[in-house]
Amino acid sequence: MQLVKNYLYNVFYQLLVVLAPLITMTYLAHVLGVQGMGIQAWTNSIVSYFLLFATLGITLYGQREIAYVRDNQILRNQRFWEIQILHTIVSFMVIGGYIFFVYMMRDVSDEFNQNTHQLYLQTWVIVAGLLDISWYFMGLEDFKKTVIRNSLVKITMVVLIFLVVKSSNDVNNYILLLALTQVLGNLSMWFYIPGKIKIPKISTINLRQHIMPTLALFVPTIATQIYLQFNKTMLPLLQSGSIGLSAFYENADKIIKVSLAVVTALGTVMLPRIANYFGKGNLVAVNKAIYKSMDFVTALSVPLMFGMMALGPKTSIWYMGSSFLPSGWTISILSPVIVLIAWSNVLGTQYLLPVSRTTDYTISVTIGAVLNVILNFIAIPKWSLYGAALATVFSEAAITLYQLIIIRHDLSIKKLFMGVWKYFVAGFIMLSVLVLMTMNLSPNPTGTVISIVVGSIIYVIMIALLRANLVTEFLMFQKNYLKSRK
(Lines give C-alpha, C1' and ligand atoms only; values in the text may rest on other atoms or scores of the structure.)
Protein backbone atom coordinates (compact mmCIF):
# COMPACT_ATOMS: atom_id res chain seq x y z
CA MET A 1 0.00 0.00 0.00
CA GLN A 2 2.88 2.37 0.81
CA LEU A 3 4.34 1.73 -2.65
CA VAL A 4 1.00 2.61 -4.27
CA LYS A 5 0.76 5.82 -2.24
CA ASN A 6 4.30 6.83 -3.20
CA TYR A 7 3.51 6.14 -6.85
CA LEU A 8 0.34 8.26 -6.73
CA TYR A 9 2.19 11.10 -5.01
CA ASN A 10 4.83 11.05 -7.74
CA VAL A 11 2.29 10.85 -10.56
CA PHE A 12 0.53 13.93 -9.14
CA TYR A 13 3.80 15.83 -8.85
CA GLN A 14 4.97 14.88 -12.36
CA LEU A 15 1.69 16.19 -13.77
CA LEU A 16 2.22 19.44 -11.85
CA VAL A 17 5.81 19.71 -13.11
CA VAL A 18 4.55 19.38 -16.67
CA LEU A 19 1.57 21.74 -16.35
CA ALA A 20 3.21 24.58 -14.38
CA PRO A 21 5.60 25.68 -17.19
CA LEU A 22 2.81 25.39 -19.79
CA ILE A 23 0.54 27.64 -17.73
CA THR A 24 3.19 30.34 -17.36
CA MET A 25 5.01 29.97 -20.70
CA THR A 26 2.47 31.76 -22.88
CA TYR A 27 2.15 34.60 -20.32
CA LEU A 28 5.91 35.04 -19.95
CA ALA A 29 6.45 34.89 -23.71
CA HIS A 30 4.16 37.89 -24.15
CA VAL A 31 5.31 39.81 -21.03
CA LEU A 32 9.08 39.23 -20.95
CA GLY A 33 9.48 38.69 -24.67
CA VAL A 34 12.29 36.87 -26.45
CA GLN A 35 15.06 38.94 -24.84
CA GLY A 36 13.80 38.62 -21.26
CA MET A 37 13.17 34.88 -21.46
CA GLY A 38 16.51 34.46 -23.21
CA ILE A 39 18.37 36.19 -20.36
CA GLN A 40 16.74 33.95 -17.76
CA ALA A 41 17.31 30.76 -19.78
CA TRP A 42 20.94 31.54 -20.54
CA THR A 43 21.97 32.71 -17.03
CA ASN A 44 20.19 29.72 -15.51
CA SER A 45 22.07 27.35 -17.81
CA ILE A 46 25.36 28.83 -16.52
CA VAL A 47 24.50 28.44 -12.83
CA SER A 48 23.16 24.91 -13.46
CA TYR A 49 26.69 23.62 -14.11
CA PHE A 50 27.85 24.98 -10.75
CA LEU A 51 24.77 23.56 -9.04
CA LEU A 52 25.78 20.14 -10.36
CA PHE A 53 29.20 20.45 -8.74
CA ALA A 54 27.63 21.71 -5.50
CA THR A 55 25.31 18.71 -5.20
CA LEU A 56 27.75 16.12 -6.64
CA GLY A 57 25.80 12.84 -6.62
CA ILE A 58 24.44 13.53 -3.15
CA THR A 59 20.74 13.39 -4.07
CA LEU A 60 20.97 9.77 -5.24
CA TYR A 61 23.73 8.76 -2.82
CA GLY A 62 22.05 10.28 0.24
CA GLN A 63 18.74 8.64 -0.57
CA ARG A 64 20.43 5.26 -0.93
CA GLU A 65 22.54 5.59 2.26
CA ILE A 66 19.58 6.61 4.41
CA ALA A 67 17.60 3.67 3.01
CA TYR A 68 20.43 1.32 4.01
CA VAL A 69 20.34 2.40 7.68
CA ARG A 70 16.67 3.33 7.88
CA ASP A 71 15.97 1.05 10.85
CA ASN A 72 19.03 2.13 12.86
CA GLN A 73 18.35 5.62 14.24
CA ILE A 74 21.89 6.22 15.52
CA LEU A 75 23.49 5.35 12.17
CA ARG A 76 20.75 7.21 10.32
CA ASN A 77 21.45 10.40 12.28
CA GLN A 78 25.18 10.03 11.66
CA ARG A 79 24.75 9.45 7.93
CA PHE A 80 22.48 12.48 7.59
CA TRP A 81 24.90 14.89 9.23
CA GLU A 82 27.97 13.47 7.50
CA ILE A 83 26.39 13.77 4.08
CA GLN A 84 24.86 17.19 4.75
CA ILE A 85 28.10 18.61 6.19
CA LEU A 86 29.96 17.38 3.09
CA HIS A 87 27.22 18.90 0.94
CA THR A 88 27.48 22.25 2.78
CA ILE A 89 31.28 22.44 2.52
CA VAL A 90 31.24 21.68 -1.20
CA SER A 91 28.35 24.12 -1.80
CA PHE A 92 30.13 27.03 -0.12
CA MET A 93 33.25 26.30 -2.17
CA VAL A 94 31.17 26.25 -5.35
CA ILE A 95 29.34 29.50 -4.46
CA GLY A 96 32.72 31.20 -4.02
CA GLY A 97 33.95 29.69 -7.30
CA TYR A 98 30.79 30.78 -9.14
CA ILE A 99 31.01 34.41 -7.96
CA PHE A 100 34.71 34.52 -8.91
CA PHE A 101 33.94 32.97 -12.31
CA VAL A 102 31.24 35.54 -13.12
CA TYR A 103 33.52 38.38 -12.01
CA MET A 104 36.41 37.15 -14.19
CA MET A 105 34.23 36.50 -17.24
CA ARG A 106 32.95 40.10 -17.42
CA ASP A 107 35.85 41.14 -19.63
CA VAL A 108 35.94 37.93 -21.68
CA SER A 109 32.46 37.80 -23.22
CA ASP A 110 29.81 40.42 -24.05
CA GLU A 111 27.07 38.08 -22.81
CA PHE A 112 28.72 37.85 -19.38
CA ASN A 113 29.38 41.59 -19.28
CA GLN A 114 25.82 42.56 -20.20
CA ASN A 115 24.16 40.07 -17.82
CA THR A 116 26.51 40.16 -14.82
CA HIS A 117 23.78 41.29 -12.41
CA GLN A 118 21.41 38.53 -13.54
CA LEU A 119 24.19 35.95 -13.18
CA TYR A 120 24.82 37.10 -9.59
CA LEU A 121 21.09 36.78 -8.84
CA GLN A 122 21.25 33.16 -10.00
CA THR A 123 23.58 32.44 -7.04
CA TRP A 124 20.42 31.76 -5.03
CA VAL A 125 19.91 28.63 -7.15
CA ILE A 126 23.04 27.10 -5.56
CA VAL A 127 21.84 28.20 -2.10
CA ALA A 128 18.56 26.38 -2.77
CA GLY A 129 20.54 23.25 -3.67
CA LEU A 130 22.55 23.54 -0.43
CA LEU A 131 19.34 23.56 1.64
CA ASP A 132 17.76 20.61 -0.19
CA ILE A 133 17.45 17.62 2.17
CA SER A 134 14.66 15.86 0.28
CA TRP A 135 17.06 12.94 -0.19
CA TYR A 136 16.72 12.17 3.54
CA PHE A 137 12.93 11.83 3.40
CA MET A 138 13.06 9.89 0.13
CA GLY A 139 15.47 7.46 1.78
CA LEU A 140 12.83 6.92 4.47
CA GLU A 141 10.24 6.43 1.70
CA ASP A 142 8.41 9.45 3.08
CA PHE A 143 7.49 10.85 -0.32
CA LYS A 144 4.46 12.68 1.03
CA LYS A 145 6.50 15.46 2.64
CA THR A 146 8.65 16.13 -0.43
CA VAL A 147 5.77 15.98 -2.89
CA ILE A 148 3.57 18.30 -0.82
CA ARG A 149 6.48 20.73 -0.35
CA ASN A 150 7.42 20.69 -4.05
CA SER A 151 3.79 21.06 -5.11
CA LEU A 152 3.24 24.07 -2.86
CA VAL A 153 6.44 25.65 -4.21
CA LYS A 154 5.29 25.14 -7.81
CA ILE A 155 1.79 26.52 -7.15
CA THR A 156 3.17 29.51 -5.22
CA MET A 157 5.64 30.19 -8.02
CA VAL A 158 2.89 30.18 -10.68
CA VAL A 159 0.72 32.58 -8.66
CA LEU A 160 3.62 34.94 -7.92
CA ILE A 161 4.69 35.03 -11.57
CA PHE A 162 1.33 36.57 -12.48
CA LEU A 163 1.58 39.03 -9.56
CA VAL A 164 5.25 40.08 -9.79
CA VAL A 165 6.23 39.76 -13.45
CA LYS A 166 4.31 42.49 -15.27
CA SER A 167 6.63 43.79 -18.03
CA SER A 168 9.85 43.12 -19.94
CA ASN A 169 11.69 45.09 -17.22
CA ASP A 170 10.82 42.45 -14.62
CA VAL A 171 13.31 39.80 -15.77
CA ASN A 172 15.29 40.26 -12.51
CA ASN A 173 12.11 39.71 -10.51
CA TYR A 174 11.47 36.53 -12.50
CA ILE A 175 14.97 35.17 -11.88
CA LEU A 176 14.76 35.94 -8.14
CA LEU A 177 11.25 34.51 -7.91
CA LEU A 178 12.26 31.16 -9.41
CA ALA A 179 15.27 30.85 -7.10
CA LEU A 180 13.84 32.22 -3.82
CA THR A 181 10.66 30.12 -3.94
CA GLN A 182 12.93 27.08 -4.18
CA VAL A 183 15.10 28.38 -1.31
CA LEU A 184 12.07 28.86 0.95
CA GLY A 185 10.62 25.51 -0.08
CA ASN A 186 13.84 23.65 0.75
CA LEU A 187 14.26 25.61 3.98
CA SER A 188 10.78 24.54 5.11
CA MET A 189 11.91 20.89 5.10
CA TRP A 190 14.35 21.68 7.92
CA PHE A 191 11.43 22.28 10.30
CA TYR A 192 10.91 18.50 10.38
CA ILE A 193 14.48 17.95 11.64
CA PRO A 194 14.63 19.40 15.22
CA GLY A 195 14.02 16.68 17.80
CA LYS A 196 14.07 13.92 15.17
CA ILE A 197 17.71 13.89 14.09
CA LYS A 198 20.25 14.28 16.88
CA ILE A 199 23.67 15.74 16.17
CA PRO A 200 26.39 13.06 16.70
CA LYS A 201 29.73 13.67 18.39
CA ILE A 202 32.21 15.56 16.22
CA SER A 203 34.81 12.82 16.75
CA THR A 204 32.55 10.25 15.07
CA ILE A 205 32.00 12.30 11.90
CA ASN A 206 33.70 10.70 8.89
CA LEU A 207 33.28 12.68 5.69
CA ARG A 208 36.00 10.94 3.69
CA GLN A 209 34.04 7.69 3.31
CA HIS A 210 31.33 9.53 1.33
CA ILE A 211 33.51 11.40 -1.16
CA MET A 212 34.25 8.66 -3.72
CA PRO A 213 30.71 7.16 -3.78
CA THR A 214 29.16 10.61 -4.42
CA LEU A 215 31.67 11.26 -7.20
CA ALA A 216 30.80 7.91 -8.80
CA LEU A 217 27.13 8.90 -9.01
CA PHE A 218 28.12 12.42 -10.09
CA VAL A 219 29.56 11.24 -13.44
CA PRO A 220 26.31 10.04 -15.11
CA THR A 221 24.44 13.01 -13.62
CA ILE A 222 26.74 15.63 -15.13
CA ALA A 223 26.94 13.74 -18.44
CA THR A 224 23.15 13.84 -18.71
CA GLN A 225 22.90 17.50 -17.71
CA ILE A 226 25.57 18.66 -20.15
CA TYR A 227 23.51 18.01 -23.24
CA LEU A 228 20.34 19.26 -21.51
CA GLN A 229 21.90 22.65 -20.71
CA PHE A 230 24.80 23.04 -23.14
CA ASN A 231 22.73 24.11 -26.14
CA LYS A 232 21.18 27.04 -24.23
CA THR A 233 24.63 28.07 -22.98
CA MET A 234 26.45 27.92 -26.30
CA LEU A 235 23.82 29.52 -28.57
CA PRO A 236 24.48 33.15 -27.48
CA LEU A 237 28.23 32.54 -27.19
CA LEU A 238 28.59 31.09 -30.70
CA GLN A 239 25.99 33.48 -32.16
CA SER A 240 27.10 36.75 -30.53
CA GLY A 241 24.35 39.13 -29.44
CA SER A 242 21.61 36.54 -29.85
CA ILE A 243 20.65 35.70 -26.26
CA GLY A 244 17.03 35.34 -27.38
CA LEU A 245 18.03 32.07 -29.07
CA SER A 246 18.22 30.50 -25.61
CA ALA A 247 14.55 31.39 -25.06
CA PHE A 248 13.54 29.84 -28.40
CA TYR A 249 15.38 26.62 -27.56
CA GLU A 250 14.18 26.40 -23.94
CA ASN A 251 10.52 26.89 -24.85
CA ALA A 252 10.72 24.25 -27.59
CA ASP A 253 12.48 21.91 -25.17
CA LYS A 254 9.76 22.40 -22.52
CA ILE A 255 7.00 21.49 -24.96
CA ILE A 256 8.88 18.40 -26.16
CA LYS A 257 9.28 17.37 -22.50
CA VAL A 258 5.51 17.38 -22.06
CA SER A 259 5.32 14.54 -24.58
CA LEU A 260 8.28 12.79 -22.98
CA ALA A 261 6.61 12.90 -19.57
CA VAL A 262 3.73 10.84 -20.98
CA VAL A 263 6.08 8.28 -22.55
CA THR A 264 8.85 7.93 -19.94
CA ALA A 265 6.43 7.73 -16.98
CA LEU A 266 6.34 4.00 -17.71
CA GLY A 267 9.99 3.75 -16.66
CA THR A 268 9.13 4.69 -13.07
CA VAL A 269 6.70 1.78 -12.86
CA MET A 270 8.78 -0.79 -14.75
CA LEU A 271 12.18 -0.24 -13.09
CA PRO A 272 11.33 -1.81 -9.69
CA ARG A 273 9.34 -4.62 -11.31
CA ILE A 274 12.19 -5.59 -13.65
CA ALA A 275 14.68 -5.27 -10.78
CA ASN A 276 12.49 -7.69 -8.80
CA TYR A 277 12.45 -10.20 -11.67
CA PHE A 278 16.22 -9.89 -12.02
CA GLY A 279 16.75 -10.32 -8.27
CA LYS A 280 14.82 -13.59 -8.44
CA GLY A 281 16.87 -14.75 -11.44
CA ASN A 282 13.82 -14.76 -13.71
CA LEU A 283 15.53 -13.50 -16.88
CA VAL A 284 12.71 -14.77 -19.12
CA ALA A 285 10.28 -12.44 -17.33
CA VAL A 286 12.80 -9.58 -17.58
CA ASN A 287 13.12 -9.96 -21.35
CA LYS A 288 9.38 -10.40 -21.86
CA ALA A 289 8.67 -7.20 -19.91
CA ILE A 290 11.24 -5.26 -21.96
CA TYR A 291 9.78 -6.43 -25.29
CA LYS A 292 6.28 -5.38 -24.22
CA SER A 293 7.50 -2.09 -22.85
CA MET A 294 9.37 -1.31 -26.09
CA ASP A 295 6.23 -1.93 -28.13
CA PHE A 296 4.11 0.20 -25.81
CA VAL A 297 6.41 3.24 -25.73
CA THR A 298 6.83 3.09 -29.52
CA ALA A 299 3.06 3.04 -29.98
CA LEU A 300 2.81 6.19 -27.81
CA SER A 301 5.90 8.07 -28.96
CA VAL A 302 5.50 7.73 -32.75
CA PRO A 303 2.21 9.71 -33.01
CA LEU A 304 3.55 12.27 -30.54
CA MET A 305 6.67 12.71 -32.69
CA PHE A 306 4.75 13.13 -35.95
CA GLY A 307 2.15 15.33 -34.24
CA MET A 308 4.80 17.69 -32.84
CA MET A 309 6.52 17.71 -36.22
CA ALA A 310 3.34 18.84 -38.00
CA LEU A 311 1.78 21.16 -35.42
CA GLY A 312 4.84 22.79 -33.81
CA PRO A 313 5.13 25.93 -36.01
CA LYS A 314 1.43 26.87 -36.11
CA THR A 315 0.88 26.11 -32.41
CA SER A 316 3.85 28.24 -31.33
CA ILE A 317 2.35 31.32 -33.07
CA TRP A 318 -0.91 31.42 -31.09
CA TYR A 319 0.57 29.97 -27.89
CA MET A 320 3.67 32.17 -27.52
CA GLY A 321 3.24 34.88 -30.16
CA SER A 322 4.54 35.26 -33.73
CA SER A 323 7.97 36.36 -32.46
CA PHE A 324 8.43 32.81 -31.09
CA LEU A 325 7.89 31.09 -34.47
CA PRO A 326 11.55 29.86 -34.39
CA SER A 327 10.55 27.82 -31.30
CA GLY A 328 7.89 26.11 -33.45
CA TRP A 329 10.37 25.08 -36.13
CA THR A 330 12.74 23.92 -33.37
CA ILE A 331 9.95 21.71 -31.99
CA SER A 332 9.61 20.10 -35.44
CA ILE A 333 13.36 19.42 -35.64
CA LEU A 334 13.55 18.12 -32.04
CA SER A 335 10.49 15.86 -32.38
CA PRO A 336 12.48 12.65 -33.25
CA VAL A 337 14.00 12.74 -29.75
CA ILE A 338 10.57 11.72 -28.41
CA VAL A 339 10.98 8.27 -29.99
CA LEU A 340 14.74 8.09 -29.35
CA ILE A 341 14.41 8.93 -25.65
CA ALA A 342 11.45 6.55 -25.33
CA TRP A 343 13.66 3.74 -26.65
CA SER A 344 16.69 4.70 -24.54
CA ASN A 345 14.39 4.88 -21.51
CA VAL A 346 13.44 1.24 -22.06
CA LEU A 347 17.00 0.10 -22.78
CA GLY A 348 18.71 2.26 -20.15
CA THR A 349 16.34 3.04 -17.28
CA GLN A 350 14.19 -0.09 -17.54
CA TYR A 351 16.93 -2.60 -18.43
CA LEU A 352 20.55 -1.56 -17.82
CA LEU A 353 19.99 0.07 -14.42
CA PRO A 354 17.75 -2.65 -12.87
CA VAL A 355 20.15 -5.44 -13.97
CA SER A 356 23.12 -3.61 -12.36
CA ARG A 357 24.81 -2.48 -15.58
CA THR A 358 25.30 1.09 -14.34
CA THR A 359 28.69 1.42 -16.06
CA ASP A 360 27.18 0.66 -19.47
CA TYR A 361 24.45 3.21 -18.82
CA THR A 362 27.01 5.83 -17.75
CA ILE A 363 29.09 5.25 -20.88
CA SER A 364 26.03 5.66 -23.10
CA VAL A 365 25.02 9.06 -21.65
CA THR A 366 28.67 10.19 -21.64
CA ILE A 367 28.91 9.41 -25.36
CA GLY A 368 25.79 11.51 -25.91
CA ALA A 369 27.18 14.41 -23.88
CA VAL A 370 30.58 14.44 -25.63
CA LEU A 371 28.99 14.17 -29.08
CA ASN A 372 26.56 16.97 -28.23
CA VAL A 373 29.41 19.31 -27.25
CA ILE A 374 31.35 18.55 -30.45
CA LEU A 375 28.30 18.91 -32.71
CA ASN A 376 27.31 22.19 -31.06
CA PHE A 377 30.64 23.75 -32.02
CA ILE A 378 30.12 22.58 -35.61
CA ALA A 379 26.37 23.09 -36.09
CA ILE A 380 25.57 26.30 -34.16
CA PRO A 381 27.92 28.58 -36.16
CA LYS A 382 26.43 27.15 -39.39
CA TRP A 383 22.73 26.76 -38.58
CA SER A 384 22.31 28.66 -35.30
CA LEU A 385 19.22 27.55 -33.31
CA TYR A 386 18.37 24.71 -35.68
CA GLY A 387 21.96 23.45 -35.53
CA ALA A 388 21.63 23.09 -31.75
CA ALA A 389 18.40 21.13 -32.21
CA LEU A 390 20.04 18.81 -34.77
CA ALA A 391 22.98 18.28 -32.39
CA THR A 392 20.51 17.10 -29.71
CA VAL A 393 18.79 14.68 -32.10
CA PHE A 394 22.09 13.10 -33.20
CA SER A 395 23.28 12.88 -29.57
CA GLU A 396 20.12 11.04 -28.49
CA ALA A 397 20.45 8.74 -31.52
CA ALA A 398 24.03 7.91 -30.47
CA ILE A 399 22.88 7.01 -26.94
CA THR A 400 20.15 4.71 -28.23
CA LEU A 401 22.47 3.09 -30.81
CA TYR A 402 25.17 2.39 -28.20
CA GLN A 403 22.61 0.85 -25.83
CA LEU A 404 21.29 -1.37 -28.62
CA ILE A 405 24.84 -2.56 -29.38
CA ILE A 406 25.66 -3.48 -25.77
CA ILE A 407 22.39 -5.35 -25.13
CA ARG A 408 22.34 -7.26 -28.44
CA HIS A 409 23.59 -10.49 -26.82
CA ASP A 410 21.04 -10.34 -23.99
CA LEU A 411 17.94 -9.19 -25.85
CA SER A 412 16.74 -10.01 -29.35
CA ILE A 413 16.91 -6.89 -31.52
CA LYS A 414 14.42 -8.53 -33.86
CA LYS A 415 11.89 -9.02 -31.05
CA LEU A 416 12.48 -5.49 -29.74
CA PHE A 417 11.41 -3.98 -33.06
CA MET A 418 8.94 -6.64 -34.22
CA GLY A 419 5.88 -4.90 -35.65
CA VAL A 420 7.28 -1.41 -34.94
CA TRP A 421 7.01 -0.54 -38.65
CA LYS A 422 3.21 -0.57 -38.32
CA TYR A 423 3.30 2.37 -35.90
CA PHE A 424 5.56 4.33 -38.25
CA VAL A 425 3.31 3.66 -41.26
CA ALA A 426 0.25 4.79 -39.25
CA GLY A 427 2.16 7.80 -37.96
CA PHE A 428 3.37 8.83 -41.42
CA ILE A 429 -0.17 8.71 -42.83
CA MET A 430 -1.31 10.81 -39.85
CA LEU A 431 1.53 13.29 -40.52
CA SER A 432 0.58 13.63 -44.20
CA VAL A 433 -3.03 14.48 -43.33
CA LEU A 434 -1.99 16.93 -40.58
CA VAL A 435 0.43 18.79 -42.87
CA LEU A 436 -2.36 19.29 -45.42
CA MET A 437 -4.72 20.41 -42.66
CA THR A 438 -2.33 22.92 -41.09
CA MET A 439 -1.73 24.54 -44.48
CA ASN A 440 -5.43 25.51 -44.55
CA LEU A 441 -6.04 26.18 -40.83
CA SER A 442 -5.35 29.46 -39.05
CA PRO A 443 -2.88 29.43 -36.13
CA ASN A 444 -5.38 29.36 -33.24
CA PRO A 445 -6.34 26.99 -30.39
CA THR A 446 -9.39 25.65 -32.25
CA GLY A 447 -7.29 24.65 -35.25
CA THR A 448 -4.77 22.87 -33.04
CA VAL A 449 -7.48 20.96 -31.13
CA ILE A 450 -9.17 19.89 -34.39
CA SER A 451 -5.82 18.71 -35.77
CA ILE A 452 -5.07 16.70 -32.62
CA VAL A 453 -8.48 15.01 -32.66
CA VAL A 454 -8.32 14.17 -36.38
CA GLY A 455 -4.71 12.97 -36.11
CA SER A 456 -5.55 10.72 -33.13
CA ILE A 457 -8.51 9.15 -34.92
CA ILE A 458 -6.45 8.47 -38.06
CA TYR A 459 -3.63 6.89 -36.03
CA VAL A 460 -5.95 4.62 -34.01
CA ILE A 461 -7.80 3.49 -37.16
CA MET A 462 -4.54 2.74 -38.96
CA ILE A 463 -2.94 0.68 -36.17
CA ALA A 464 -6.25 -1.22 -35.84
CA LEU A 465 -6.28 -1.98 -39.58
CA LEU A 466 -2.62 -3.03 -39.48
CA ARG A 467 -3.28 -5.20 -36.40
CA ALA A 468 -0.38 -3.69 -34.49
CA ASN A 469 0.89 -5.52 -31.40
CA LEU A 470 -0.69 -2.99 -29.03
CA VAL A 471 -4.12 -3.61 -30.56
CA THR A 472 -3.68 -7.39 -30.25
CA GLU A 473 -2.58 -7.04 -26.62
CA PHE A 474 -5.57 -4.82 -25.86
CA LEU A 475 -8.06 -7.25 -27.45
CA MET A 476 -6.55 -10.16 -25.51
CA PHE A 477 -6.71 -8.16 -22.26
CA GLN A 478 -10.36 -7.27 -22.93
CA LYS A 479 -11.20 -10.91 -23.71
CA ASN A 480 -9.55 -12.18 -20.52
CA TYR A 481 -11.21 -9.46 -18.47
CA LEU A 482 -14.69 -10.35 -19.79
CA LYS A 483 -13.98 -14.03 -19.08
CA SER A 484 -13.03 -13.28 -15.51
CA ARG A 485 -16.26 -11.30 -15.00
CA LYS A 486 -18.45 -14.27 -15.97
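Computed from heavy atoms alone, side chains included, the values below leave out hydrogens, waters and symmetry copies.
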Check whether any side-chain heavy atom of [X] sits under 4.5 Å from a side-chain heavy atom of [Y], and report yes or no.
{"X": "T315", "Y": "P443", "result": "no"}
{"X": "M157", "Y": "Q182", "result": "no"}
{"X": "V94", "Y": "T55", "result": "no"}
{"X": "F424", "Y": "F306", "result": "yes"}
{"X": "S168", "Y": "V31", "result": "no"}
{"X": "T448", "Y": "I452", "result": "yes"}

From [X] [atom1] over to [Y] [atom2], what is the distance, rounded to the nearest 0.5 angstrom?
{"X": "I89", "Y": "Q84", "atom1": "CD1", "atom2": "CD", "value": "10.5 Å"}
{"X": "I46", "Y": "Q122", "atom1": "CD1", "atom2": "CD", "value": "10.0 Å"}
{"X": "E111", "Y": "I243", "atom1": "CD", "atom2": "CD1", "value": "6.5 Å"}

Applied to residues 105-125, the ring pair (Phe, Tyr, Trp, His ring centres under 6.0 Å) test, sequence neighbours excluded, yields W42-F112, F101-F112

Please say which of D253, T330, N231 ends up in a side chain to side chain donor-acceptor pair (under 3.5 Å) with T392. N231

State whether a side-chain donor-acceptor pair under 3.5 Å links [X] with [Y].
{"X": "Q403", "Y": "S344", "answer": "no"}
{"X": "Y423", "Y": "N469", "answer": "no"}
{"X": "S293", "Y": "Y351", "answer": "no"}

Answer yes if the ring centres of W190 and Y136 are under 6.0 angstrom apart, and no otherwise. no

Greater than 12 external heavy atoms within 6.0 Å of Y27's OH: yes

Would the number of heavy atoms belonging to other residues, nucleotides or ligands and lying under 6.0 Å from CZ of F417 be above 12? yes

Counting N and O atoms only, with roles assigned by atom type, does the side chain of K422 sit under 3.5 Å from a partner on the main chain of L466, one being a donor and the other an acceptor? yes

Is there a donor-acceptor pair under 3.5 Å between the side chain of S327 and the backbone N or O of N251? no

Set of residues satisfying side-chain hydrogen bond (donor to acceptor under 3.5 Å, both in side chains) with respect to N113, sequence neighbours excluded: none

Go through I255 and M308 one step at a time and tell me if the side chain to side chain contact (heavy atoms under 4.5 Å, CB included) criterion holds. CA-CA 9 Å; I255 292 173; M308 288 286 183; 3.8 Å; yes

